[in-house]
Amino acid sequence: MFRRPVVQVLRQFVRHESEVASSLVLERSLNRVQLLGRVGQDPVMRQVEGKNPVTIFSLATNEMWRSGENETYQMGDVSQKTTWHRISVFRPGLRDVAYQYVKKGSRIFVEGKVDYGEYTDKNNVRRQATTIIADNIIFLSDQMKEKP
């Protein structure tokens, strides 16, 4: 198996612009999310005037663990934590497929990036929102039936 030294790998991600501007370092970064879970609500398509439409739905992911005194965790209570994620799909082809085929209870795999934003609610209060901007969706359950 071929292994490159760590320095060569790091050079791939960090580049110096020039000798003159050696203090300026351009870095590559990664904002990537992969989620596997169940859809919590049927998607809705929204469009703000002057902007592209977006398909939005929620996705639940679960963590399960055993808690107990035994190191092998054979005995003990099973605990579970459910985390809800807001998924937004902007890509035109994927947005339409998600709106048409994703439905509550579907088991799907979503790839995308995390986005943090702010909005003002109906009571004129500023709120923060975390959204997953999906760029790939894989359907894992047999619920690929078109909406009526």
Side-chain angles (χ1 to χ4, degrees), residues 1-16 24-49 51-148:
M1 179 181 219
F2 178 72
R3 291 180 178 232
R4 295 190 306 185
V6 174
V7 173
Q8 287 179 342
V9 173
L10 289 176
R11 281 188 191 138
Q12 185 178 13
F13 292 99
V14 178
R15 291 181 276 155
H16 292 280
L24 175 64
V25 177
L26 299 176
E27 296 180 347
R28 292 185 186 177
S29 60
L30 182 64
N31 178 355
R32 197 82 190 137
V33 176
Q34 296 179 327
L35 297 172
L36 174 63
R38 291 210 178 262
V39 177
Q41 66 182 21
D42 287 338
V44 295
M45 189 174 293
R46 294 190 182 149
Q47 182 168 6
V48 177
E49 194 172 318
K51 295 191 177 188
N52 290 330
V54 59
T55 296
I56 300 169
F57 59 93
S58 61
L59 185 72
T61 57
N62 296 313
E63 287 181 68
M64 295 178 70
W65 65 92
R66 288 189 186 270
S67 57
E69 296 177 16
N70 190 350
E71 285 187 20
T72 59
Y73 296 106
Q74 298 297 323
M75 305 286 282
D77 295 332
V78 175
S79 298
Q80 178 177 337
K81 176 185 175 189
T82 301
T83 305
W84 288 95
H85 310 274
R86 178 185 168 100
I87 311 295
S88 298
V89 188
F90 290 95
R91 280 188 34 208
L94 186 61
R95 172 187 64 219
D96 300 333
V97 167
Y99 181 71
Q100 191 170 13
Y101 293 108
V102 170
K103 64 182 196 176
K104 182 178 181 176
S106 298
R107 187 166 163 81
I108 62 173
F109 176 78
V110 174
E111 289 181 297
K113 64 180 182 176
V114 178
D115 185 52
Y116 301 98
E118 289 185 352
Y119 67 96
T120 305
D121 68 8
K122 296 175 185 175
N123 298 325
N124 211 20
V125 176
R126 286 178 59 184
R127 304 259 184 203
Q128 294 183 344
T130 303
T131 303
I132 306 302
I133 308 297
D135 56 25
N136 189 25
I137 297 174
I138 298 173
F139 295 87
L140 301 173
S141 62
D142 58 351
Q143 297 182 8
M144 282 274 299
K145 296 178 183 165
E146 189 172 339
K147 291 181 183 176

query = Closest heavy-atom contact between Gln47 and Asn52?
reply = CG-C, 4.4 Å

Separation between NZ of Lys103 and CZ of Phe57, rounded to the nearest 0.5 Å = 14.5 Å

query = Is the backbone of Arg95 close enough, under 3.5 Å, to the side chain of Thr55 for a donor and an acceptor to pair up by distance?
reply = yes

For the student: nearest non-hydrogen atoms of Leu140 and Ile108, plus distance = CD1-C, 4.1 Å

inquiry  = Looking at every heavy atom in both Gly105 and Arg38, which two are closest together, and how far apart are they?
reply    = O-NH1, 2.8 Å

message = Ignoring hydrogens, what is the shortest heavy-atom contact between Ser88 and Thr131? Give both atom names and the distance.
response = OG-CG2, 3.0 Å

ask   = Roughly how far, to the nearest 0.5 Å, is the CD atom of Gln41 from the CZ atom of Arg86?
value = 8.5 Å

key: Any donor-acceptor pair under 3.5 Å from Asp121 side chain to Asn123 backbone   = yes

ask   = In Å, rounded to the nearest 0.5 Å, how long is the span from NZ of Lys104 to CG of Asp42?
value = 8.0 Å

remark   = Nearest heavy-atom approach of Trp84 to Gly40 is CZ3-CA, 3.5 Å

ask   = In Å, rounded to the nearest 0.5 Å, how long is the span from CE of Met45 to CD of Gln100?
value = 9.5 Å

query = Who passes salt bridge (Lys or Arg N to Asp or Glu O under 4.0 Å) against Asp135, sequence neighbours left out?
reply = Arg32

request  = Taking side chain to side chain donor-acceptor pair (under 3.5 Å) as the test, write out the residues that go with Gln128, two or more places apart.
outcome  = none

request  = Sort and list the pairs that fulfil side-chain hydrogen bond (donor to acceptor under 3.5 Å, both in side chains) and have at least one residue in residues 111-120, not counting sequence neighbours.
outcome  = Gln34-Glu111, Glu111-Asn136, Glu118-Arg126

task = Would you indicate whether the side-chain heavy atoms of His85 and Ile87 approach each other to under 4.5 Å?
result = yes

Spacing of OH belonging to Tyr99 relative to CD1 belonging to Ile56, to within rounding of 0.5 Å = 12.0 Å

key: Minimum heavy-atom distance Asn62-Thr82, with the two atoms named   = OD1-OG1, 2.7 Å

Check: Ile137 and Val89 side chains under 4.5 Å, non-hydrogen atoms = yes

key: Inter-residue atom distance Leu59.CG - Thr83.OG1, 0.5 Å rounding   = 10.5 Å

